[in-house]
Amino acid sequence: LSRRSKPPHSPSSLGHRLLDTSGSESDSRAFVYIMFHPGQPQVGYGQPMAAPYQMYPGGRNQSPGYGHQPGGARMGAYGQQGMAVPGIVQMHYRNMEDDFLKGSEKAIRMDYDLKDRTWKRRGVLLRIKKEPFACGSMRSAHMMSDLTLSEGDKSQFVAKISRDPKENRQVYFDDVEMQMEAKAWAEKFNEKFQKKIVDFLVAYVVELVDRPGRPVIGVENWVPGNYVKYNNNWDWNDDKRNTPQAFSHFTWEESKHKLLICDLQGVGDLWTDPQMHSADGQGYGKGNMGMRGIQAFLNNHRCNNICKTLKLPQVGKAPKQMEVGTILPLPGAAAAPTKAQDFALNYQQTHLRERRHHPAAAVSTGAPDRIIIQCLEASFSAQAGDAPDTFVVVAVGLESTETSVAYGTWTPVWQNARLQMNIPRDGTADSILAIVFQSANSSEAGEAEIIGAVKIMVSDLKDDEGYDDRRWPLRPFSKIQAGDTSSPEVGNLHLKIMRFNFKGGAGAPIPKPQKALPLPPNLPQAEISKIKIMVKSVHGLGRGEHHATAVVMVEGNQAQTKTGKGDNGVVRWDQKMAFPACSSSSYIDLKVFSRDASGASAPAGVEWSGRQSVVEMDMDRSGNVAECKVPIYSNSGEGGSGAQVTIQAWVTFNTVAPAAARPGGTGSQQGTVSC
């Protein structure tokens, strides 16, 4: 913020020019005038202008009009000569007694771009707790908040600070480069199965510019859950898990024997702090043990079912039994059912034989023939002893499948657990069976044990809106077999179920809602309180390569995406933003500023505008908008025709009661990191 006020002024306030440094260095820098009222305990907060401040004939900045209002000033939309000034928005004020910034400090965030092999910087405002929540031999872990992000869980991070004040700064940069390279190898592993199996946390370096010596620290997202170490950088591994050990083996073979990634640890299959060994012993920090480390891992590795699926050559010790642990079939390959799936199928076969003695009416050709079941989370009533490792088996008709294992928690969450199966057309599959097992690795008997089960009659599904999303009571499996639905619950299982016709056509009766559903009954318009919007992409900007930025405004609040780059008129952002004020009479105003990346267009580029009514979006009763395409129009006639921005949205209603606390709370799940 400029120290000296700059003209023009209003009679009751002073104008200062402000530069927003929170964007990356490659983003355009935007200026805006902010008005302060002398003698009043308020400070104006504004959004960056979507276009550089305009220079007008005569060599001076065009003066916007200002009007004094009680409690603050408003930047007018027009200048002294009645000309529109792009990017001028209404200012909003926050009382200076607010302690939101208390304990914060300025910093420079540095992200590593693996593709370009470069570091990119941007300014941030952080609050780091002084007391660590975990300590290792080399570093301490502190909770950190990034105040440049929206308040909530996604603004919580872990700062890793060296316990040795003389540690070489380069170590932090090497660690981040190594983790980002490991993340790229995880993507290669996932490509083999055409779905996301494993991942590494995004890590970056922060320079604390307000502290003496401007020290650097390592930062990554805070992840709740049970933290587990699967192997180290030498000869130890915990081969209860198939996936981590197979991933390490995969990196050695896929890299043509140039490197191996090990020292895997994290929550489930979201890992952090890996170590890479290179065959030539070069790079990757002090932990790179070269061929000695690679040979130590391979000599103690036991190939498992995933290694066999990937056709990796057998190394090390005798392989594990192929039916033990996680099984990941390649796309298009039929996987043999596990013991837990066999158990569920045996029950289903018995039930279906009974149904065939009393056949149901034939199912119409237009009825749903496919079902997707998303296992979200569960909670258990009895919580004595160590928290179990759990997974869910789901059976429909004579098909069954299962989720991955959630490790060491009484409130398991299964990520990306979307199970898809066929629905028989003979009318025999009238129910869905879901069984929660305790993994053989954590049960005392050494076999998978049943914690509870739920049997859902298809006729009980409430999927008029496209899906059924609710918690179902878990009961002892013996009671399910006996048909006892009044037995005591042992917990609950949260499922999201969607039926559809795979071939589509006129017969598909369970589609996504095609028109906006009415708002909850008796809900006044003012009871819509806020909205979150995901700006996904823009199409139709014209031929060639483009740089584009999207600006979204709801009720005077404005947010802006990063600058994206795309080809053939398509730019993707996938960026979420929250707006604190919204009602059913609100509109979403969109502006897209694009320019030809080749430099053919003028520097200011082309401005596109569009508007979407909140209540006219295809919204379900929970306020979720799966997809909305908003037409936008160029102010200059340049670019392609039929341009549109694709968004998702989540509307919040004041009358919606907060979700009930899960039984057992969250005390057993702690966010931990490796130091």
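Since we're looking at a predicted model, the values are computed, not measured.
Between atom CD of residue Gln275 and atom CG of residue Leu264 there is a gap of 11.0 Å, rounded to the nearest 0.5 Å. Separation of atoms CG (Leu419) and CD (Glu399) is listed at 11.5 Å; rounding is to 0.5 Å. Note: Asp469 CG to Lys496 NZ = 5.5 Å, rounded to the nearest 0.5 Å. How far NZ of Lys576 is from NZ of Lys536: 10.0 Å, rounded to the nearest 0.5 Å. Rounding to the nearest 0.5 Å places CZ of Arg214 at 8.0 Å from CZ of Arg169. In this structure, OG1 in Thr251 is found 8.5 Å from CD1 in Ile294, a value given to the nearest 0.5 Å.
In this structure, Trp234 contributes its side chain and Asn231 its backbone to no donor-acceptor pair below 3.5 Å. At distances below 3.5 Å, at least one donor-acceptor pair connects side-chain atoms of Asp280 with backbone N or O atoms of Gln282. Under the 3.5 Å distance criterion, the side-chain polar atoms of Gln265 are matched with a main-chain donor or acceptor of Asp263. Checking side-chain atoms of Asn304 against main-chain N and O of Asn242 turns up a donor-acceptor pair under 3.5 Å. Proximity of a side-chain donor or acceptor of Thr272 to a complementary backbone N or O of Leu201 within less than 3.5 Å is not detected. Side-chain atoms of Thr403 come within 3.5 Å of backbone atoms of Val392 as a donor-acceptor pair (strictly under, hydrogens ignored). For the pair Gln179 (side chain) and Val202 (backbone), a donor-acceptor distance under 3.5 Å is absent. Looking only at distances, a side-chain donor or acceptor of Arg302 sits under 3.5 Å from a matching main-chain atom of Ala318. In this structure a side-chain-to-backbone donor-acceptor pair under 3.5 Å is present from Asn190 to Ile197. His249 contributes a side-chain N or O that, together with a main-chain N or O of Pro313, makes up a donor-acceptor pair within less than 3.5 Å.
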- [ ] Go through the steps for Met577 and Thr561 under the test side-chain contact (heavy atoms from CB on, under 4.5 Å), then give the verdict.
- [x] CA-CA 9 Å; Met577 48 193 68; Thr561 68; 3.8 Å; yes
TODO: Quick one: do Gln374 and Tyr467 satisfy side chain to side chain donor-acceptor pair (under 3.5 Å)? Show the steps, please.
DONE: CA-CA 10 Å; Gln374 188 171 1; Tyr467 54 84; over 6 Å; no
Task: Criterion side-chain contact (heavy atoms from CB on, under 4.5 Å) on Val571 and Val592, from CA distance to verdict - done: CA-CA 11 Å; Val571 176; Val592 175; over 6 Å; no
TODO: Please assess Ile128 against Leu208 for the test side-chain contact (heavy atoms from CB on, under 4.5 Å), listing each intermediate value before the final yes or no.
DONE: CA-CA 10 Å; Ile128 303 174; Leu208 304 175; 4.0 Å; yes
Open item on the list: Using salt bridge (Lys or Arg N to Asp or Glu O under 4.0 Å), reason through Asp175 and Lys160 one step at a time and then give a plain yes or no.
Closed with: CA-CA 11 Å; Asp175 287 349; Lys160 300 180 179 181; over 6 Å; no
Open item on the list: Would Leu149 and Phe157 count as a side-chain contact (heavy atoms from CB on, under 4.5 Å) here? Give the steps.
Closed with: CA-CA 11 Å; Leu149 301 177; Phe157 297 83; 3.8 Å; yes
- [ ] I would like to know whether Thr549 and Thr563 meet side chain to side chain donor-acceptor pair (under 3.5 Å); could you show each step before the answer?
- [x] CA-CA 5 Å; Thr549 303; Thr563 299; 3.0 Å; yes
TODO: Report the C-alpha separation of Asn288 and Ser278 in whole Å, then their side-chain angles, then the decisive distance to 0.1 Å, and conclude whether the side chain to side chain donor-acceptor pair (under 3.5 Å) test is met.
DONE: CA-CA 7 Å; Asn288 182 0; Ser278 59; 2.9 Å; yes
Task: Verdict with reasoning, Arg109 to Asp111, per salt bridge (Lys or Arg N to Asp or Glu O under 4.0 Å) - done: CA-CA 7 Å; Arg109 170 173 172 168; Asp111 292 271; 2.9 Å; yes
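Using a 4.5 Å heavy-atom cutoff, the side chains of Val171 and Arg139 are in contact. Contact annotation: the side chain of Phe437 never approaches that of Glu449 to less than 4.5 Å [non-hydrogen atoms, C-beta and beyond]. Within the 4.5 Å cutoff, side-chain heavy atoms of Glu627 are placed close to those of Thr646.
With sequence neighbours excluded, no residue satisfies salt bridge (charged side-chain N to carboxylate O under 4.0 Å, His left out) with Arg127. Partners of Lys308 under the side chain to side chain contact (heavy atoms under 4.5 Å, CB included) rule, at least two apart in sequence or in another chain, are Met322. Legend: residues meeting side chain to side chain donor-acceptor pair (under 3.5 Å) with Ser145, ordered by chain and number and at least two apart, are Gln156.
When every heavy atom of Arg163 is checked against every heavy atom of Pro165, the shortest pair comes out as O-CD, 3.5 Å. For the residue pair His301 and Ala246, the shortest heavy atom distance occurs at CE1-N, 4.4 Å. Looking at every heavy atom in both residues, Cys375 comes nearest to Val394 through SG-CG2, 4.1 Å. The two residues Glu402 and Val393 have their closest heavy-atom pair at CB-CG2, 3.8 Å. Of all the heavy atoms in Ile261 and Ser248, the pair that sits closest is O-OG, 2.8 Å. Minimum interatomic distance between Glu167 and Tyr172 (heavy atoms only, all atoms of both residues): OE1-OH, 3.6 Å.
Between Trp119 and Tyr112, a ring centre-to-centre spacing shorter than 6.0 Å is recorded.
Taking the centre and axis of the six-membered ring of Phe247, the NZ or CZ atom of Arg241 falls outside the cone set by 45° and 6.0 Å. With Trp236 as the aromatic partner, Lys229 does not meet the cation-pi criteria of under 6.0 angstrom to the ring centre and within 45 degrees of the ring axis.
Other residues, nucleotides and ligands contribute at most 12 non-hydrogen atoms within 6.0 Å of the CD atom of Glu131. The local environment of CZ in Arg572 is sparse, with at most 12 non-hydrogen atoms from other residues, nucleotides or ligands closer than 6.0 Å.
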